[in-house]
**Q** 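Quick one: the structure is below, and I'll ask about it shortly.
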Amino acid sequence: MNRPHTPAQNLPDPTIKTQEGWHCLHIYYNIDRAALAQLSQEEVTAGAKAVTELMDPMHDDAPERVQSFAVTGHRADFGMMMLDQNPLKIDRVHQRLRASVLGPALQPSYSFVSITEVSEYVPTVEQYSEKLRLAGSNAEDPAYQAKVAAYEQRLPMMNKQRLYPDFPDWPVHCFYPMNKIRHPQANWYTEPFSKRSSLMAEHATSGIKFAGRVSQLITASTGFDDWEWGVTLWSRAPEYIKEIVYTMRFDQASARYAEFGPFYVGYVMTPEKLLNHLQILR
């Protein structure tokens with residue numbers, strides 16, 4: 001059977017770079033102490049210097065965003081989060097770490113591949129306006145008009161932060177993957193958009209209560225990893241992580257329709273401080 005031919009001039013050029021937003025990688029490592037012990041002190045010192053440079057977000061060849069953190073618990077000793085338009089620029093950091101003198105002692109234990117996105121549940125200005133009207137606001141009311149104008153002004157900035165996020169200067173980093181359930185009695189993907197949108201609006205309202213204490217980034221992983229989304233949280237203090245996750249689990253979008261993967265909690269450090277914490281540099 002002949003397939004319809006699409007003229008090449010109507011298609012974008014082939015590329016591995018994102019047209020909008022960035023690729024994202026969360027990757028975690030364990031230190032192989034036996035392999036580390038096989039290295040001389042001179043090799044450890046030279047290797048640590050190279051690793052520190054590779055993990056430095058200010059390095060000339062660094063991805064657009066790089067963050068390193070110590071991880072508690074046995075599943076990982078440290079982790080990195082990286083974002084860039086070019087996925088190979090991100091992967092190059094990982095490959096160079098593994099190829100460094102310290103490489104044999106750096107064993108990857110978990111990774112998550114995703115891309116940044118603006119969720120379909122983020123209301124447009126028109127949808128936001130309609131929501132206000134349905135809640136009883138009068139389109140002629142100056143208060144209504146002020147709310148719409150304010151939302152219209154801040155929406156581009158919010159969407160830019162979703163696609164090209166800055167990392168907050170906060171010490172606690174938490175990551176976990178999640179799916180929306182496809183259970184016969186609770187299948188998210190068979191619900192109409194209007195219901196899904198309403199449930200996500202309720203979910204967002206719960207999260208807004210933590211503004212100034214917790215910052216959140218949702219990245220999309222459908223087709224890139226085994227889970228559908230990755231959730232990254234930064235907080236001013238560790239207890240806020242527990243509070244926001246616990247609070248938002250009571251929302252129907254979460255309680256009825258969500259399932260969660262492993263949680264990784266880390267504490268943000270510069271590469272040099274991280275290697276000191278890991279007892280590689282002393």
Side-chain angles (χ1 to χ4, degrees), residues 18-22 24 114-166 168 174 176-223 227-236 240-260:
T18 47
Q19 300 302 301
E20 182 179 62
W22 285 335
C24 178
S114 59
I115 58 175
T116 60
E117 69 165 1
V118 176
S119 170
E120 62 183 320
Y121 303 112
V122 175
T124 63
V125 175
E126 292 74 16
Q127 290 168 335
Y128 178 76
S129 304
E130 177 66 14
K131 180 181 176 181
L132 292 178
R133 289 194 294 271
L134 291 174
S137 295
N138 187 329
E140 303 302 321
D141 188 340
Y144 164 90
Q145 296 171 2
K147 288 180 180 179
V148 172
Y151 185 77
E152 185 174 18
Q153 184 175 17
R154 70 175 184 270
L155 183 60
M157 294 182 289
M158 292 191 298
N159 286 343
K160 181 179 179 182
Q161 175 62 15
R162 293 179 176 106
L163 292 171
Y164 309 102
D166 290 315
C174 174
Y176 60 93
M178 65 165 292
N179 286 336
K180 290 299 188 186
I181 288 175
R182 291 180 175 83
H183 189 277
Q185 302 302 317
N187 191 328
W188 178 259
Y189 295 98
T190 61
E191 300 291 358
F193 178 80
S194 57
K195 179 176 179 179
R196 288 183 279 123
S197 183
S198 176
L199 293 176
M200 291 305 293
E202 175 197 32
H203 202 47
T205 299
S206 295
I208 288 172
K209 297 174 184 176
F210 290 85
R213 292 182 288 164
V214 179
S215 180
Q216 175 182 268
L217 176 68
I218 308 294
T219 52
S221 48
T222 301
W227 297 80
E228 295 172 327
W229 289 277
V231 181
T232 306
L233 304 174
W234 293 268
S235 75
R236 290 181 178 272
Y240 299 148
I241 296 294
K242 178 187 73 69
E243 290 177 19
I244 191 172
V245 173
Y246 181 76
T247 298
M248 297 184 75
R249 283 192 175 188
F250 285 91
D251 298 334
Q252 192 175 359
S254 181
R256 182 171 173 81
Y257 293 101
E259 61 179 349
F260 303 94

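Hydrogens, waters and symmetry mates play no part in the numbers below; they use all other heavy atoms, side chains included. Just so it is clear, the structure is predicted and the values come from calculations on it, not from any experiment.
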**Q** Please list, chain by chain and in numerical order, all residues satisfying ring pair (Phe, Tyr, Trp, His ring centres under 6.0 Å) with W188, sequence neighbours excluded.
**A** Y257
**Q** Rounded to the nearest 0.5 Å, how far apart are CD of Q216 and CD1 of I208?
**A** 10.5 Å
**Q** How about L233 and Y176: do any of their side-chain heavy atoms sit closer than 4.5 Å?
**A** yes
**Q** Only counting residues at least two apart or in another chain, list the ones meeting side-chain hydrogen bond (donor to acceptor under 3.5 Å, both in side chains) with Y189.
**A** E228
**Q** Looking at every heavy atom in both E243 and R213, which two are closest together, and how far apart are they?
**A** OE1-NH1, 3.4 Å
**Q** Could you report the tightest heavy-atom contact between A139 and Q145, atom names first, then the distance?
**A** O-NE2, 3.2 Å
**Q** How close do I181 and A258 get, counting heavy atoms only, and between which atoms?
**A** CD1-O, 3.5 Å
**Q** Donor-acceptor pair, S198 side chain versus S194 backbone, under 3.5 Å?
**A** no
**Q** When rounded to the nearest 0.5 angstrom, what is the spacing between CG in L217 and OG in S114?
**A** 8.0 Å
**Q** Got a second to check how far L134's CG is from Q127's CD, nearest 0.5 Å?
**A** 11.5 Å
**Q** If you count every heavy atom of other residues, nucleotides or ligands that lies below 6.0 Å from E120 atom CD, does the total exceed 12?
**A** yes
**Q** Does N159 have any side-chain hydrogen bond (donor to acceptor under 3.5 Å, both in side chains) partners at least two apart in sequence or in another chain, and if so, which?
**A** R162
**Q** Can you name the side-chain hydrogen bond (donor to acceptor under 3.5 Å, both in side chains) partners of T232, sequence neighbours left out?
**A** H26
**Q** Between G21 and Y164, which heavy-atom pair has the shortest distance, and what is it?
**A** N-OH, 3.0 Å
**Q** As an exercise, state the distance from CG of N179 to CZ of F260, rounded to the nearest 0.5 Å.
**A** 10.0 Å
**Q** Taking T219 for the side chain and I115 for the main chain, is one N or O donor matched with an acceptor at less than 3.5 Å?
**A** no
**Q** Determine whether a donor-acceptor pair (N or O, by modelled atom type, separation under 3.5 Å) exists between the side chain of T116 and the backbone of W22.
**A** yes
**Q** Might you point out which heavy atoms bring E117 and W229 nearest each other, and give the distance in Å?
**A** OE2-NE1, 3.3 Å
**Q** Report yes if the side chains of S119 and I218 come closer than 4.5 Å at any heavy-atom pair, otherwise no.
**A** no
**Q** Kindly write out the residues that satisfy side-chain hydrogen bond (donor to acceptor under 3.5 Å, both in side chains) with D251, not counting sequence neighbours, or none if the list is empty.
**A** H203, S206
**Q** What's the spacing between T247 OG1 and Y240 OH if we round to 0.5 Å?
**A** 12.5 Å
**Q** With distance as the sole test, does R236 use its side chain to make a donor-acceptor pair with the main-chain N or O of G212 at under 3.5 Å?
**A** yes
**Q** Indicate the atoms forming the closest heavy-atom contact of M248 with S254, along with that distance.
**A** O-CB, 3.3 Å
**Q** Show every ring-ring contact (aromatic ring centres under 6.0 Å, His included) that has at least one partner inside residues 130-162, sequence neighbours left out.
**A** Y128-Y151
**Q** Counting C-beta onward and ignoring hydrogens, is there a side-chain heavy-atom pair between V122 and L155 closer than 4.5 Å?
**A** yes
**Q** Please report the interatomic distance NZ(K180) to CG(L199), rounded to the nearest 0.5 Å.
**A** 8.0 Å
